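Just follow the structure's listing: the first ligand is 1, and inside any ligand the first atom is 1. Everything numeric here is computed off the predicted structure, so don't read it as measured data.
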Amino acid sequence: MAGKRIERVLVTGSEGQIGSELTRELRKRYGDDRVVASDIKDSSAGGSGETGPYERLDVTDHAAFKSVVDTQRIDTIVHLAAILSATGEKNPLPAWKVNVTGLINALEIARECGLTQVLCPSSIAVFGAGCPRENTPQETVLRPTTIYGITKVTGELLSDYYVRRFGVDARGLRYPGIISAETLPGGGTTDYAVDIYYKAVEKKRYTCFVKADTRLPMMYMPDCIKGTIDLMEAGFDRLEHHGDFNVGSMSFTVQELADSIRRHIPEFEVAYEPDYRQAIADSWPASIDDSAARREWNWSPDYDLETMTADMLDILSKRNALGKLYG
Ligand code: NAD
Ligand code: AKB
């Protein structure tokens, strides 16, 4: 099956941490009118609805989802609507419903309507007990301990099933923790790696909910956006994997992150009060082997910890000076 041309994209979960920036970039690339943003949230106050078409959509409602795809003449779904790990642990059943029913709806609609592509991110949360923590391989045992991880393994298997069984072009990458300065993260375990920058700029103090030596894989948003679009646009025939690409970028402990911030803000202090998210972090890889993504669609990140820290602090300090740190 050769990859088809992407004509009109629907982004679900467009008002979230990744959706807000990916929607903007897709609109730059394909044109504002060709990228329809959607979320269960209203977007009237400063969201993606201001720069292009917007639909309020609950992805667990198959009929409503299909109606948006039909009326907006969508051929590609970038499916970002989800409940993340920390929120999912507080209330597992809604996480299953949004993450699994929402994805099945996207895949079924793609099958029924002959869509060009469905892209749905997976996560390092698919890993758990029994796999190597360092340089975690693409192919390894997937035994997650969180409901979020269970939904992400299910999503990868469903995506691969729809490719094999129905010829749907379904793709996905296992993002590490994503760090960004535009939209705050939405309830994940890696949220501390974003919060720490905001608090460094705002108060020069941060209380972290995981321990100083917790090491996790992370990625800066510009690399996340680049990688996502590169995978969307990769020729289908080049792909041996589909819904489960490991993508690595950088990997650091909280202590190393705090040290990199201190090179710009020497008086910055961090206290540690680990909570239930420590166990989640401890179940995930410390670093990732992403050789399949590098080989199959030329994945290559641009940022490391130092260049990301300089950029994050520059953006947040300028906003703070205008009294608009949180937008
Ligand atoms: P987010 O929580 O910031 O945004 C998710 C969006 O989905 C929110 O705007 C929310 O309103 C929306 N949503 C929730 N339920 C919905 C429903 N029923 N119908 C429609 N919309 C609904 O999440 P994100 O960080 O932008 O994540 C996007 C994708 O990337 C998810 O699949 C997530 O699992 C994956 N991912 C994110 C990270 C990260 O660090 N941000 C890491 C790994 C994987
Ligand atoms: C989370 O912490 O839940 C997300 C993820 C790594 O999937 N950031």
**Message:** Distance check, rounded to the nearest 0.5 Å: Leu305 atom CG versus Ile179 atom CD1?
**Reply:** 8.0 Å
**Asked** Below 4.0 angstrom, N of the basic side chain to O of the carboxylate: do Glu182 and Arg24 qualify?
**Response** yes
**Message:** Can you confirm, on distance only, whether ligand 1 has an N/O atom lying under 3.5 Å from any N/O atom belonging to Ser123?
**Reply:** no
**Request:** Classify the side-chain pair Glu296/His241 by whether it contains a donor and acceptor separated by less than 3.5 Å.
**Result:** yes
**Request:** List every atom of ligand 1 that sits less than 4.0 Å from any heavy atom of Lys152, numbering the atoms from 1 in the order shown and giving each element.
**Result:** 31 (C), 32 (O), 33 (C), 34 (O)
**Item:** contact_flag Thr12 ligand 1 heavy-atom lt 4.0 Å
**Value:** no
**Item:** Sub-4.0 Å heavy-atom contact, Arg174 with ligand 1
**Value:** no
**Distance-only side-chain donor-acceptor flag, His79 / Thr12, under 3.5 Å** = yes
**Request:** Could you list which atoms of ligand 1 come closer than 4.0 Å to a heavy atom of Val98?
**Result:** 15 (N), 18 (N)
**Request:** Answer yes or no: is there an ion pair linking Lys41 with Glu15, defined by an N-O contact shorter than 4.0 Å?
**Result:** no
**Prompt:** Between Glu55, Met218, Gln17, which one has a non-hydrogen atom sitting closest to atom 3 (O) of ligand 1?
**Reply:** Gln17
**Request:** For atom 34 (O) of ligand 1, grab the closest protein heavy atom and report residue, atom and distance to one decimal in Å.
**Result:** Tyr148 OH, 2.6 Å
**Prompt:** Which of the listed options, Ala82, Gly177, Gly186, holds the heavy atom that is closest to atom 5 (C) of ligand 1?
**Reply:** Ala82
**Message:** Salt bridge check, Asp259 against Arg263: does any charged N sit closer than 4.0 Å to a carboxylate O?
**Reply:** no
**Prompt:** For Thr189 and ligand 2, does the shortest N/O to N/O distance drop below 3.5 Å?
**Reply:** yes
**Request:** Return yes or no for this condition: an N or O of Gly16 is under 3.5 Å from an N or O of ligand 1.
**Result:** yes
**Prompt:** What residue and heavy atom of the protein are closest to atom 29 (C) of ligand 1, and at what distance?
**Reply:** Leu80 O, 3.6 Å
**Prompt:** Of the choices Ser122, Ser14, Pro121, Ser38, which has the non-hydrogen atom that lies closest to atom 44 (C) of ligand 1?
**Reply:** Ser122
**Message:** Looking only at side-chain N and O atoms, does Glu156 offer a donor or acceptor that is under 3.5 Å from a partner on Ser122?
**Reply:** yes
**Request:** To the nearest 0.5 angstrom, please state how far the OG1 atom of Thr101 sits from the CG atom of Asp61.
**Result:** 11.5 Å
**Request:** Report, in ascending order of atom number, the atoms of ligand 2 lying under 4.0 Å from any heavy atom of Ser85.
**Result:** 1 (C), 2 (O), 3 (O)
**Asked** With atoms numbered from 1 as shown, which atoms in ligand 1 lie under 4.0 angstrom from a non-hydrogen atom of Leu84?
**Response** 2 (O), 23 (O), 25 (O)
**Item:** Arg215 bridged to Glu256 by N-O distance under 4.0 Å
**Value:** yes
**Request:** Quick one: sort the Trp284 and Tyr148 rings into parallel, tilted or perpendicular, breaks at 30° and 60°.
**Result:** tilted
**Message:** Taking the basic N atoms (NZ, or NE/NH1/NH2) and the acidic carboxylate oxygens, is any pair closer than 4.0 Å for Arg171 and Asp169?
**Reply:** yes
**Prompt:** Glu202 and Tyr326: side-chain donor and acceptor closer than 3.5 Å?
**Reply:** yes
**Prompt:** Going by distance only, is there an N or O of Asp191 that falls short of 3.5 Å from an N or O of ligand 2?
**Reply:** no
**For Leu84, the ligand 2 atoms whose distance to one of its heavy atoms is below 4.0 Å** = 3 (O), 4 (C)
**Message:** Tell me whether ligand 1 is touched by Pro176 - counting only heavy atoms on the residue side and a distance under 4.0 Å.
**Reply:** yes
**Message:** Regarding Glu7 and Arg73, does a basic nitrogen lie under 4.0 Å from an acidic carboxylate oxygen?
**Reply:** no
**Message:** As an exercise, identify every atom of ligand 2 less than 4.0 angstrom from a heavy atom of Ser123.
**Reply:** 5 (C), 6 (C), 7 (O)
**Asked** Would Lys199 and Asp195 pass as an ion pair if we require N to O under 4.0 Å?
**Response** no
**Message:** Tell me the protein heavy atom at minimum distance from atom 26 (O) of ligand 1, and give that distance in Å.
**Reply:** Ile18 N, 2.9 Å
**Asked** With a cut-off of 4.0 Å, which atoms of ligand 1 are near a heavy atom of Asp58?
**Response** 17 (C), 18 (N), 19 (N)
**Message:** Any heavy-atom pair between the side chains of Asp39 and Tyr54 that's under 4.5 Å?
**Reply:** yes
**Message:** Against Glu25, only a single residue in Arg29, Glu21, Lys28 fulfils side-chain contact (heavy atoms from CB on, under 4.5 Å); can you say which?
**Reply:** Lys28
**Request:** Could you check which of Thr189, Ile40, Thr87 puts a non-hydrogen atom nearest to atom 21 (N) of ligand 1?
**Result:** Ile40
**Request:** Please confirm whether Asp39 comes within less than 3.5 Å of ligand 1 when only nitrogen or oxygen atoms on both sides are compared.
**Result:** yes
**Message:** I'd like to check which ligand 1 atoms, numbered from 1 as shown, lie under 4.0 Å from a non-hydrogen atom of Leu57.
**Reply:** 19 (N), 20 (C)
**Request:** Look only at interatomic distance and state if Ile178 has a nitrogen or oxygen under 3.5 Å from any nitrogen or oxygen of ligand 1.
**Result:** yes
**Message:** For atom 8 (N) of ligand 2, what's the nearest protein heavy-atom neighbour? Residue, atom name and distance, please.
**Reply:** Thr190 OG1, 2.7 Å
**Prompt:** For ligand 1, is there an N or O atom under 3.5 Å from any N or O atom of Val59?
**Reply:** yes
**Request:** May I ask you to say whether Arg277 pairs ionically with Glu89, meaning some side-chain N is under 4.0 Å from a carboxylate O?
**Result:** no
**Complete:** Quick note on ligand 2: atoms under 4.0 Å from a heavy atom of Gly188 include exactly 1 (C), 2 (O), 3 (O)
**Item:** Geometric N/O contact His79 with ligand 1, under 3.5 angstrom
**Value:** no
**Message:** My understanding is that we take every heavy atom of each candidate and find the minimum distance to atom 22 (C) of ligand 1. Doing that for Gly188, Gly172, Ala81, Pro94, which one comes out nearest?
**Reply:** Ala81
